[in-house]
Amino acid sequence: MKEQRAWWKEAVIYQIYPRSFSDSNGDGIGDIGGITARLPYIKELGADVIWLSPVYKSPNDDNGYDISDYRDIMDDFGSMEDFDRMLDEAHRLGLKIVMDLVVNHTSDEHPWFLMSRSSLENEKRDWYIWKDGRDGRAPNNWASCFSGSAWQKDEATGQYYLHLFSKKQPDLNWENPRVRDAVCDMMTFWCEKGIDGFRMDVISMISKDQAFPDGETNGGLYGSPTPYVCNGPRVHEFLREMRTRVLSHYDLLTVGEAAGVTLEEAKKYANADGSELNMVFHFEHVDGTPGRNNPYGKWTVEHPTMPAIRAIFNKWQTGLEGKAWNSLYWDNHDQPRAVSRFGNDSEEWRVLSAKMLATCLHMMKGTPYIYQGEELGMTNAPWEDISEFRDIEVINAWKQNVVDNHFISPEYMLACFNAVSRDNARTPMQWDDSPNAGFSTGTPWIKVNPNYKAINAKAALADPDSVFYYYKKLIELRRRNPVIVYGSFEGLLPENEEIYAFQRTLDGRTLRVACNWTDRELPCGLFGGEDEELISNYKTHKAGILQPYEARAVFIS
Ligand code: GLC
Ligand code: CA
């Protein structure tokens with residue numbers, strides 16, 4: 001089947017986490033002024049679209065993912081005038097801006113929730129999910145994604161409200177049509193401002209099983225709500241309604257963050273018929289390997305293996321072919337750094353393995369996402385003490401598992417935080433080798449990765465062999481070679497445990513890609529003498545061999 005052309009299939013997205021990107025006024029916190037000043041950098045990289053993590057008014061319990069006013073800008077980040085200026089400037093440079101849409105929950109400081117909690121009779125009471133307790137305990141055993149129970153008792157009325165994330169992030173009740181009206185109105189407000197799309201936060205979780213049954217504990221302290229909140233009974237109905245009422249009136253990029261999404265569900269969310277969203281982020285390669293049935297949930301120190309990662313991607317590549325569109329990512333603000341998790345962040349192999357990973361991802365079929373600093377090969381940070389962390393997920397997990405329950409040893413918990421905690425992605429963007437990596441003239445809100453003197457944008461821009469210029473080239477190639485966007489996908493060497501290989505074909509032309517995921521030379525018979533090379537992280541090749549972390553994309557004759 002011939003793919004329908006669309007700008008959001010041809011685009012490359014660059015994600016900004018504003019708090020950690022660039023600080024324009026020296027208060028230690030990244031802001032909109034900082035982003036505006038750095039737009040030319042993103043233009044130079046060649047990305048088409050910026051996804052902005054939330055910039056709305058927020059008390060920052062979860063760094064902006066807890067919104068207290070959807071129509072205003074967070075004080076730390078600037079004003080609506082600053083936002084408008086940034087949007088204009090981005091558009092002037094030919095960059096689009098996609099906003100984060102966080103509507104599974106609000107902040108507990110949102111006026112809707114303040115009204116809702118005020119009394120049983122308040123007109124906004126059923127805008128959130130309130131239940132009576134069970135024998136003096138929570139209504140069911142569900143765990144919050146940020147540790148502890150997903151229910152919080154509210155003394156004013158004696159009932160519990162649901163919060164799948166922190167207790168300052170009460171879940172909205174999407175069963176209530178007034179809630180859906182309010183969300184649609186708010187989305188229209190931003191569309192009318194001229195934004196270019198939405199990344200929809202945990203959108204797979206907006207529809208809950210109205211029976212609210214207990215979840216399986218799986219050896220952990222609480223039950224899992226996943227089967228009852230992810231891909232819930234009415235989620236597709238709600239998204240179709242959103243499409244009809246708002247999305248269909250604009251030319252937007254829409255991507256749903258879809259925790260718990262399966263291939264079958266993704267075919268509905270990202271259906272090529274355009275009835276819901278353009279694409280979704282699935283989680284299989286970032287939380288499925290390893291960690292299945294891990295009583296510690298996401299906390300692990302194990303590295304995922306290439307065959308497991310490949311099996312997941314190949315399943316999605318072939319499974320959605322012609323039916324729905326893929327998004328492609330190695331990392332984001334919720335994940336450790338790509339090169340540390342999937343590659344090799346040692347001094348010897350960091351650059352080569354970062355380029356290898358980039359090749360592997362950008363040559364697959366789907367829209368690629370780059371998380372700020374990934375294009376520099378930024379790494380996880382060395383965390384020595386719990387006091388260095390800022391993330392509510394880490395702070396709560398430490399309290400629950402180490403302090404309150406002695407469920408996980410402090411040493412192992414810290415090792416897990418080093419391996420997979422979100423703060424790895426949130427250390428300041430490394431701009432240059434000046435103090436605080438050029439991120440801020442003040443004291444940064446979170447520590448700077450000490451490797452910034454070597455790894456920074458200024459150094460990358462001065463080095464033609466940098467990871468940065470490799471990403472730039474990948475993006476340029478995407479523009480010039482429709483096979484990268486629209487070609488069909490076929491996995492190769494399925495039995496090989498160390499080489500990730502596949503090919504893409506369009507109009508009879510085949511692009512073959514092979515990536516060595518190890519630090520050793522490996523035999524590889526995929527390339528011959530006549531082939532035309534598109535890109536590689538090595539300048540010279542050895543016949544019949546892939547060098548350590550070597551990646552090649554080659555048109556075969
Ligand atoms: C999403 C966001 C994450 C946030 C959570 C709750 O997973 O990406 O950062 O903590 O939703 O809003
Ligand atoms: Ca600032």
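Read the numbers this way: they start at 1 and go in the same order the structure lists the ligands and their atoms. For the numbers below, each heavy atom of this structure counts, side chains included, while hydrogens, waters and symmetry mates do not.
- Under the side-chain contact (heavy atoms from CB on, under 4.5 Å) criterion, Val246 pairs with Cys184, Met187, Thr188, Cys191, Tyr250, not counting sequence neighbours.
- Residues satisfying the side-chain contact (heavy atoms from CB on, under 4.5 Å) criterion with Asp23, sequence neighbours excluded, are Asn25, Asp27, Asp31, Phe439, Ser440.
- Figure legend: Arg390 and Trp445 shown without cation-pi pairing, the cationic atom not lying both under 6.0 angstrom from the six-membered ring centre and within 45 degrees of its axis.
- Judged by the 6.0 Å distance and 45° axis criteria, Lys458 is not positioned over the aromatic ring of Trp431.
- Looking only at protein N/O/S atoms, the ones less than 3.0 Å from the Ca ion (ligand 2) make 5 in total.
- Contact residues of ligand 1 (protein heavy atom closer than 4.0 angstrom to a ligand atom; sorted by chain and number): Asp62, Tyr65, His105, Phe146, Phe165, Gln169, Arg199, Asp201, Val202, Glu257, His333, Asp334, Arg422, Arg426.
- The only member of Leu95, Val98, Asp196 that meets side chain to side chain contact (heavy atoms under 4.5 Å, CB included) when paired with Val49 is Val98.
- A 4.5 Å side-chain heavy-atom check between Tyr371 and Arg337 finds at least one atom pair inside the cut-off.
- Counting heavy-atom neighbours within 6.0 Å of Lys267 NZ, excluding the residue itself, gives a total above 12.
- Checking Ser204 against Asn231 by side-chain atom types alone, no donor-acceptor pair falls below 3.5 Å.
- Geometric assessment of Arg125 against the ring of Trp130 yields a positive cation-pi assignment under the 6.0 Å and 45° thresholds.
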